[in-house]
Amino acid sequence: MKFSQYYLPTLKEEPKEAENISHKLMIRAGMIRKVAAGIYDLLPYGLRVIRKVEAIVREEMNRSGAHEVLLPAIQPAELWEESGRWKFYGKELLRIKDRSNRDFCFGPTHEEVIVDLVRKDIRSYKELPLNLYQIQTKFRDEIRPRFGLMRGREFIMKDAYSFHADESSLHEHYEIMHATYTRIFTRCGLNFRPVEADSGAIGGDVTHEFHVLADTGEDTIVTCPTCNYTANLEKATSSQEKFVQKNSTGTEEKQREEVLTTNLHAVEDVARFFHVTPNELIKTLIYVADNEPVAALIRGDQNLNEVKLKNYLCANEITMASEEVIKKVTGGQVGFSGPIGLTCKVIADYSISGMKNFIIGANKADYHFKNTNFTRDFQEPTYTDLRIVTEGDKCPKCSALLMFKRGIEVGQIFKLGTKYSKNMNLTILDKQGKPTHPIMGCYGIGIGRTAQAAIEQNHDNDGIIFPMGVTPFEVIILNLGTQEEKINRAAEELYHKLLQAKCDVLYDDRELRPGFKFKDADLIGIPIHIRIGKKYIENNTVELVIRKDKHISELSLSEAIEKIHSIIAKELSHA
RNA sequence: CGGGGUGUAGCGCAGCCUGGUUUAGCGCACCUGCCUUGGGAGCAGGGGGCCGGAGGUUCAAAUCCUCUCACCCCGACCA
């Protein structure tokens, strides 16, 4: 491609609309333009990256034995009513009506459609396992679209759905997908981690998210530097031993006292009032789990993980209790709840086990108890893991100290179970000739997000540094002397030779001063730059510059071609 | 949806508080000509705006008031 004929509008100034670095760079490098919140145009240069990511995804999915399909973006409401999600999927589902006032939606995901497809034709366990995937535009009316393609409302996603006759087949396939995803993100040149995640209400024992590591990532992931344990913050647990012994603030049980603590409900305020640190308090949090109030106890300096609480209770939904419920359950005011005399179920985090002479709310406005103790003052509760782990906690597997990292979730693999096959009545006959619902898995990759994550992870002050696997062009030729016939001839020759060798090459033939071309080339992040300028006139050499480290080698034209091929081959095989 | 902010030329901004010396300005970009070619050159000339929209206050509104729309940032969702 010749730059002079290409549509690649680069920007010198930082766009106001963007905050995050990869978003800024994508706009400046002429890759995307915004149409509306979370909705973007993909320009030729940006589309090339998307296509490269798609190509890798396609190749690896095909290699795994999955089959590509293309399902409709617009889906009829009946299918969603069958699965039960028409009611439950909130505002994120973009609902539309056709001319006859029939309900449709723009698909945010395709479980319904895929099950509908498969149930038409699959009859026997012999036809399974089956994995169907597509690369397609989704729409989710996100509460807050952000950061360009990172969290758009309209976005391109690869989604795959697998069907299995039994658990072991699903498990086997899950592992294949795990390996496939690992290959995909490796080939994209990304530094990523598979992360254990909570499987939520849908069920299924394991689920993994694939996170690209980046300081600006929106998610926190918890990882052990010693063993391979990596989980997201919701799922992460830590070894409990840290608490069990250390908690007692004195072996002797002191007399419990009721103390006036006017208007003090925040843990920090109460602790300051008593001249103690928050870890000598027990927080009593009242939740409502599927209409059932429940009290959760946790040490004052710790935070409760609502997902863990929800899972422990096997609840579909949990919310913080309203003022009324709190009054009913505790008999006291919000902010002064304590475990003594509660009329609801009580569960406790391990962090409070072994505590002595601790401070709790008195279930009475403006009062706390100090020197409270288990057994004597109230029954010792059941312990479980309810806390959000903190950095420096011990790894649950090997007891090394856990570290926090930031990540961008680019993919997820998930055991779906039979929810959709049951609700939508997808049945096959098993070996015994008995009707049964296939077990499903689903596997997603955000294509645009992956592309942007590659930029988020690979850039410097001058611009993007594309990994070879996803770069729009592998080489850019900078003609630094468009007035010189000799230079023009050499540049053209090099350009055509590289094209013939099936190399993705951009030739900057514009009649601009060199500085301009250097800046553009750095900004748009092509990994290999070839500069043809005055050195070619003087001694027939060109400069080959590696974008990543700006390393320059001076070579003849033919040496340059050879080196280009070897660099590309090496980088691609490396990944 | 709550909290905070921004809308003035293609992009980035100033002007607004304290209404009128503004025919609304600056930098970049754009057009013409000359000149220039190794890190976003220079000179000269030029084009481009209902100051987000609607209503109001006023002799007079980019500027004050009300409403509205759009976008961005911070929180709960997700690929």
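Letters A, B, ... are given to chains in the order of the sequence lines, protein chains preceding strands, and every chain is numbered from 1.
Distances were taken from every side-chain heavy atom of A:E409 (C-beta onward) to each of B:A79, B:G40, B:G39; the shortest belongs to B:A79. Residue A:R28 has its side chain nearest to B:G40 when only B:C71, B:G40, B:G39 are considered. Among the nucleotides B:C78, B:C28, B:G38, the one closest to any side-chain atom of A:K12 is B:C28. Distance from the side chain of A:E19 is smallest for B:C73 among the nucleotides B:G38, B:G40, B:C73. Comparing B:A79, B:G38, B:C71 by their closest approach to the side chain of A:E543 singles out B:G38. Considering only side-chain atoms of A:M157, the nucleotide from B:G40, B:C77, B:A79 that sits closest is B:A79. Proximity note for A:K16 (side chain, C-beta onward) versus B:G38, B:C74, B:G12: the nearest is B:G12.
Nucleotide B:C77 holds its P atom 12 Å from the CD atom of A:E209, rounded to whole Å. Remark: P of B:A76 and CD1 of A:I318 are 15 Å apart, rounded to the nearest angstrom. When rounded to the nearest whole Å, the span between NZ of A:K34 and P of B:U6 equals 16 Å. Atom CG in A:L190 sits roughly 18 Å away from atom P in B:A79 (whole-Å rounding). For the pair A:L512 CG and B:G42 P, the computed distance is 14 Å after rounding to whole Å. As rounded to whole Å, 11 Å separates atom C1' of B:G4 from atom CZ of A:R144. Going from atom CD1 of A:I477 over to atom P of B:G38 covers 19 Å, rounded to whole Å. A straight line from NZ of A:K138 to P of B:A79 spans 11 Å, rounded to a whole angstrom.
A donor and an acceptor atom, one from each side chain of A:E306 and A:Y287, are located under 3.5 Å apart. A donor atom on one side chain and an acceptor atom on the other are not found under 3.5 Å apart for A:K405 and A:H211. A:N62 and A:S64 share no donor-acceptor pair across their side chains, judged by distance under 3.5 Å alone.
The side chain of A:R513 contributes no N or O atom lying less than 4.0 Å from OP1 or OP2 of B:G39. The phosphate of B:A79 (OP1 or OP2) has no side-chain N or O of A:R146 nearer than 4.0 angstrom. Residue A:Q412 places at least one side-chain N or O closer than 4.0 Å to OP1 or OP2 of B:A79.
Aromatic rings from A:H208 and A:Y443 are positioned such that their centres are separated by 6.0 Å or more.
Side chain A:D219 to base B:C78: a donor-acceptor pair is found below 3.5 Å. Between the side chain of A:R449 and the base of B:C78 there is at least one donor-acceptor pair of N/O atoms closer than 3.5 Å. Checked by distance alone, A:R151 brings a side-chain donor or acceptor within 3.5 Å of a matching partner on the base of B:C77. Taking only distance into account, the side chain of A:E13 meets the base of B:G27 through a donor-acceptor pair shorter than 3.5 Å.
B:G49 and B:G15 have their C1' atoms separated by 15 Å, with the value rounded to a whole Å. If you take atom P in B:G7 and the same atom in B:C59, they sit 29 Å apart, rounded to whole Å. Comparing the C1' positions of B:A14 and B:A24 gives an interatomic distance of 11 Å, to the nearest angstrom. Look at the C1' atom in both B:C17 and B:G45: the space between them is 38 Å, to the nearest Å. Of the C1' atoms belonging to B:C31 and B:G48, the separation is 11 Å, rounded to the nearest Å. Look at the C1' atom in both B:C35 and B:G25: the space between them is 29 Å, to the nearest Å. Straight-line distance between the C1' atoms of B:C26 and B:U37: roughly 29 Å, to the nearest whole Å. B:C67 and B:G2: their P atoms are spaced 15 Å apart (whole Å).
Nucleic acid contact for A:I143: base, since at least one base atom lies under 4.0 Å from a heavy atom of the residue. Within the nucleic acid shown, A:G152 comes within 4.0 Å of at least one base atom, counting heavy atoms only. Across all strands, A:D522 comes closer than 4.0 Å to base atoms (heavy-atom distances). Here A:G446 lies in heavy-atom contact (under 4.0 Å) with a base. A:E511 comes within 4.0 angstrom of nothing in the nucleic acid, heavy atoms only. In this structure, A:G533 reaches the bases: a heavy-atom distance under 4.0 Å links it to at least one base atom across the strands shown.
Using cut-offs of 30° and 60° for the angle between ring planes, the A:Y181 and A:F185 rings count as perpendicular.
Both the sub-6.0 Å distance and the 45° axial angle are not jointly satisfied by A:R95 relative to the ring of A:W80. Both the sub-6.0 Å distance and the 45° axial angle are not jointly satisfied by A:K2 relative to the ring of A:Y495. Both tests do not hold together for A:K138 against A:F106: distance to the six-membered ring centre under 6.0 Å, angle to the ring axis within 45°.
Nucleotide B:G47 is matched to nothing when pairs are restricted to Watson-Crick or G-U wobble geometry with both distances under 3.5 angstrom. Using the Watson-Crick or G-U wobble rule with both distances under 3.5 Å, B:G75 pairs with B:C1. Nucleotide B:G40 has no partner under the Watson-Crick or G-U criteria, as no pair reaches both atom distances under 3.5 Å. Across all strands shown, B:G7 forms a Watson-Crick or G-U wobble pair with B:C69, both key distances being under 3.5 Å. Using the Watson-Crick or G-U wobble rule with both distances under 3.5 Å, B:U57 pairs with nothing in any strand shown.
In this structure, the side chain of A:R33 engages the main chain of A:I27 through a donor-acceptor pair within 3.5 Å.
Nucleotides of RNA chain B nearest to A:P145 and A:M150 differ in position, and the one nearer the 5' end is that of A:P145. Toward the 5' end of RNA chain B, the nearer of the two residues A:K91 and A:K535, judged by each one's closest nucleotide, is A:K91.
Centre separation under 5.5 Å together with a plane angle under 30° holds for the ring of A:F155 and the six-membered base ring of B:A79, marking them as stacked.
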